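Just so you know, these numbers come straight off a predicted model, no measurement behind them. First the proteins, then the strands, lettered A, B, ... as listed; each starts at 1.
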Amino acid sequence: MKILVYLKQVPHQDARLDISSDGTWIEESNIKFEINSYDTYALEEALKAKDSEGAEVVVVTAGQDRVTQALRTALGMGADRAIHIKDEAVDASDVLGVAKVLAAVAKEESPDLILTGLMSEDSGFAAIGPMIGEFAGIASTTAVVGIEREGGKLTVERELEGGNLEVVEINTPCLVSVQTGINQVRYASLKGIMQAKKKTIDVKTAADLGVGDAISPKLTTEKVSVPVKGETAELVEGSTDEIAAKLAAKIKELGLL
Amino acid sequence: MTKILIVSEIQNGAIREATYELVAIAQSMGGEISSLVVGGDAASDAEQMSQKGGGTVYVANDAALANYNQDAYYAAVNAAVDAVGPDLVLFSHTSAGWDVAPRIAAKLDAGIVTDCFGIAEEGGNFSFSRRIFNGKMEQKVVSSGGPVVATVQAGAVDAFDGSSEGSVTELSVTIGDTRTTFIENKSPEAQGVDLTKSDVIIAGGRSVGSPEKFEEVINPLAGILGGAVGASRPVVDAGWLPHECQVGSTGQIVAPKLYIAAGISGAIQHTAGMKGSNFIIAINKDADAPIFEVADLGVVGDLFEVVPALTKALEAAKG
């Protein structure tokens, strides 16, 4: 069995974000990056399958040099090899263009299963998974919190609104986008990190994948800004004890003590 | 004239409120509005949609459309797209919307923008407003020709409540073999905690740090107020607290008399589940955290100092 895992490297969730000088993204120098948390759950799901029934796990990402770190981490956790799409035209494209390039990898690799996260924590589109499915000509499903495999089919639990679930059977090969919390994600062991140094990272461009002409963006980001705040909370200030006394008084006033 | 296609959703036997929010956006933009209504037997829903701003309504009735199925819905949306030739296709950003809308965009080779809270038209092109980085930043995305597929955040605008005379047309959809099969819907199992019944909820976020810290810092405050302990999604994902403690659009929707959010930044996913609370106190280190936008009282500070001090003050006040 071969499992392809698409992952994205995103700013660390505690990183302090400033807007870039051109005003269309955030300033990426001087901040830490990490693997998008949704994608770590997708990778863990692949590694669990590898542990239980044996599988080749291939991780794929696009981006400039910094994303090598994310691929090394994934290899350290147990992925077998990595594909790095390094192409400025891909980075400058939109979701549609990136999906075409990522789908071209799926066509080349013909995996039995594709896993990725429901959405990224930076752009938050939640669109790339199903788009890869469409371009690769395979079924897809999203927001999955449980996967069971039997024969050529998966039975998955999709998360709907309000904590409700939907059980769906889906033919393989297929793309499954996972919701956070589907498993407990492992850490890369020291041994894993050492072994990862010997694993290969193939670097490719959109042209190498035969889609170099198809990725000019249809949508562009005109502006990124700090949200204009509506009404905000009345701030309680003072020493910790003064703050506590003021909050306690308010709670008493609400009749809740 | 701009052609807008609204993809509606039926839930519990009626058109969803979120669909009428799409109608409101389409109506405010002006243009030629069409809608798609799909279901096992959606004739009356289609009729209602045509009278409530949906314009030219296409209805696809098929047993295969009675429950959400990606392949079947995809076939229906494609048939509607062929009939309308839209410049803009609108979906709600729901579990159905984010599942099928991207596939439609890929099929049309169209740009896609998701989870928008605002859409405008400027000189034949569209601009979309949305939040990124878990709500910390706002992004304006613009199109430059060609159709666009967009999904809209539920609750972003008020639902359209006007009326209009539209029409209903049967849409013939060929649904072949589907690669996905709907098996069943499952509701969350009712377990110990029912947050929706609590007058007071003390909710902690990822920065509480561990299940032990929840017990040490959050539980005593909940104890003295006779309240329940809630959490943001990362806390239950990490297994620190059971899933029924999760407050948010994918967890419990609560509206207690008092909601105290400790170390919760206030991603839309969370605030959607608690902003209806009668009184909200937020404690967070980051003065820019979006939680302060929904809170009544805010403390910019360390929850590990403020929460125990508050517990002590309440104990003293109780005497």
Go through the atoms of B:Thr94 and report whether side chain, backbone, both or neither lie under 4.5 Å from a heavy atom of chain A.
both
Give, as side chain, backbone, both or neither, the part of A:Ile182 having an atom under 4.5 angstrom from any heavy atom of chain B.
neither
Which answer fits B:Ala238, side chain, backbone, both or neither, if we ask what part of it has an atom under 4.5 Å from a heavy atom of chain A?
backbone
For B:Asp286, is there an ion pair with A:Arg16 - N to carboxylate O distance below 4.0 angstrom?
no
Shortest non-hydrogen separation from A:Pro130 to B:Pro102 and the atoms involved:
CB-CB, 3.7 Å
Side chain to side chain contact (heavy atoms under 4.5 Å, CB included), that's the test. Do A:Lys218 and B:Asp109 meet it? Break it down for me.
CA-CA 9 Å; A:Lys218 311 225 175 213; B:Asp109 198 28; 3.4 Å; yes
More than 12 heavy atoms of other residues, nucleotides or ligands under 6.0 Å from CG of A:Asp22: is that the case?
yes
State, with a plain yes or no, whether a side-chain heavy atom of A:Leu219 is found less than 4.5 Å away from one of B:Val113.
yes
Mind checking whether A:Glu166 and B:Ile183 have side chains closer than 4.5 Å, heavy atoms only?
no
Between B:Leu310 and A:Ala248 the two heavy atoms that sit nearest each other are CD1-N, 3.7 Å
Let me know if A:Lys100 has heavy atoms under 4.5 Å from chain B in its side chain, its backbone, both or neither.
side chain
Report yes if the side chains of A:Ile251 and B:Leu314 come closer than 4.5 Å at any heavy-atom pair, otherwise no.
yes
Using heavy-atom distances under 4.5 Å, tell me whether A:Ile243 contacts chain B through its side chain, its backbone, both, or neither.
side chain
Quick one: which of B:His243, B:Lys318, B:Met137 has the most heavy-atom pairs under 4.5 Å with chain A, could you say?
B:Met137
Smallest heavy-atom separation, B:Ala309 atom then A:Asp241 atom, equals CB-OD1, 4.3 Å
Top contributor to chain A contacts, counting heavy-atom pairs under 4.5 Å, from B:Ile253, B:Thr250, B:Thr151
B:Thr250
Would you find more than 12 non-hydrogen atoms of other residues, nucleotides or ligands less than 6.0 Å from A:Glu234 atom CD?
no
Quick one: which of A:Gly124, A:Ala127, A:Ala244, A:Ser225 has the most heavy-atom pairs under 4.5 Å with chain B, could you say?
A:Ser225
With a 4.5 angstrom heavy-atom cut-off, which part of A:Ile138 approaches chain B: side chain, backbone, both or neither?
backbone
Rounded to the nearest 0.5 angstrom, the OG1-CG distance for B:Thr178 and A:Asn171 is 8.0 Å
Identify which part of B:Ile260 has an atom lying under 4.5 Å from any heavy atom of chain A, answering side chain, backbone, both or neither.
side chain
Using heavy-atom distances under 4.5 Å, tell me whether B:Phe126 contacts chain A through its side chain, its backbone, both, or neither.
neither
Enter the distance from A:Thr24:OG1 to B:Lys140:NZ here, rounded to the nearest 0.5 Å.
13.5 Å
Does the side chain of B:Gln139 come under 3.5 Å of the side chain of A:Thr221 through a donor N or O and an acceptor N or O?
yes
Kindly compute the distance separating OG1 (A:Thr141) from CZ (B:Arg179), expressed to the nearest 0.5 Å.
11.5 Å
Relative to chain B, which of A:Ser123, A:Ala214, A:Ala126, A:Gly129 shows the most heavy atom pairs under 4.5 Å?
A:Ser123
Hey, are the side chains of A:Leu256 and B:Lys257 touching, using non-hydrogen atoms and a 4.5 Å cut-off?
yes
Salt bridge A:Glu159-B:Arg233, side-chain N to carboxylate O under 4.0 Å
yes
Counting heavy-atom pairs under 4.5 angstrom with chain A, the leader among B:Asn69, B:Thr180, B:Asp99 is B:Asp99
Need one label for B:Ala316: side chain, backbone, both or neither, based on atoms under 4.5 Å from any heavy atom in chain A.
neither
Ion pair present between A:Lys250 and B:Asp296, side-chain N to carboxylate O less than 4.0 angstrom?
no
Engaged part of B:Ala110 at the chain A interface, taking heavy atoms whose separation is under 4.5 Å:
backbone
Non-hydrogen atoms of chain A under 4.5 Å away: do they reach the side chain of B:Phe279, the backbone, both or neither?
side chain
Counting only heavy atoms from other residues, nucleotides and ligands, does the tally under 6.0 Å from NZ of B:Lys312 exceed 12?
no
Please classify the contact of B:Gln70 with chain A as side chain, backbone, both or neither, using a heavy-atom distance under 4.5 Å.
side chain
Check: A:Glu161/B:Ser95 side-chain N/O donor and acceptor closer than 3.5 Å:
yes
Within a 6.0 Å radius of atom CD on A:Glu150, are there more than 12 heavy atoms belonging to other residues, nucleotides or ligands?
no
Calculate, to the nearest 0.5 Å, the distance between atoms OG1 and CZ belonging to A:Thr232 and B:Phe292 respectively.
9.0 Å
Among A:Leu235, A:Thr220, A:Val168, who wins on heavy-atom pairs under 4.5 Å with chain B?
A:Thr220
Are a donor atom and an acceptor atom from the side chains of A:Glu222 and B:Ser127 found within less than 3.5 Å of each other?
no
As an exercise: rank B:Val142, B:Asn185, B:Val299, B:Ile132 by heavy-atom pairs under 4.5 Å with chain A and give me the winner.
B:Val142
Using non-hydrogen atoms and a 4.5 Å limit, figure out which bit of A:Ser140 sits close to chain B: side chain, backbone, both or neither.
both
Look at atom CD of A:Glu148 and say whether more than 12 heavy atoms of other residues, nucleotides or ligands are closer to it than 6.0 Å.
no
Check whether any side-chain heavy atom of A:Asp94 sits under 4.5 Å from a side-chain heavy atom of B:Val141, and report yes or no.
no
Sort A:Val95 into side chain, backbone, both or neither according to what part of it lies under 4.5 angstrom from a heavy atom of chain B.
side chain
Do the side chains of B:Arg131 and A:Pro227 get nearer than 4.5 Å, heavy atoms only?
yes
Name the region of A:Glu237, side chain, backbone, both or neither, that has any atom closer than 4.5 Å to a heavy atom of chain B.
neither
Is it possible for you to check whether B:Arg130 lies under 6.0 Å from the centre of the six-membered ring of A:Phe125, through NZ or CZ, and within 45° of that ring's axis?
yes
Is A:Leu17 in contact with chain B via its backbone, its side chain, both, or neither, using a 4.5 Å heavy-atom distance?
both
Looking at B:Val300, B:Asn125, B:Leu258, B:Asp115, which one has more heavy-atom pairs under 4.5 Å with chain A than the rest?
B:Leu258
Checking B:Ala282 against chain A: side chain, backbone, both or neither under 4.5 Å from a heavy atom?
neither
Run the salt-bridge test on B:Lys107 and A:Glu134 with the 4.0 Å N-O cut-off and return the result as yes or no.
no
Quick one: of A:Ile170, A:Thr180, A:Ile26, who has the most non-hydrogen atom pairs under 4.5 Å with chain B?
A:Thr180
Within a strict 4.5 Å, meaning less than it, do heavy atoms of the B:Arg103 and A:Met131 side chains meet?
no
Partner chain B: residue of A:Lys252, A:Gln179, A:Met119 with the largest heavy-atom pair count (under 4.5 Å)
A:Gln179
Side chains of B:Trp98 and A:Leu118: does their closest heavy-atom pair fall under 4.5 Å?
yes
Salt bridge between A:Asp14 and B:Arg206, side-chain N to carboxylate O under 4.0 Å?
yes
Measuring heavy-atom distances to chain A, does B:Val307 have an atom under 4.5 Å in its side chain, in its backbone, in both, or in neither?
neither
Between chain A and each of B:Val200, B:Val100, B:Thr181, count heavy-atom pairs under 4.5 Å; write down the option with the most.
B:Thr181
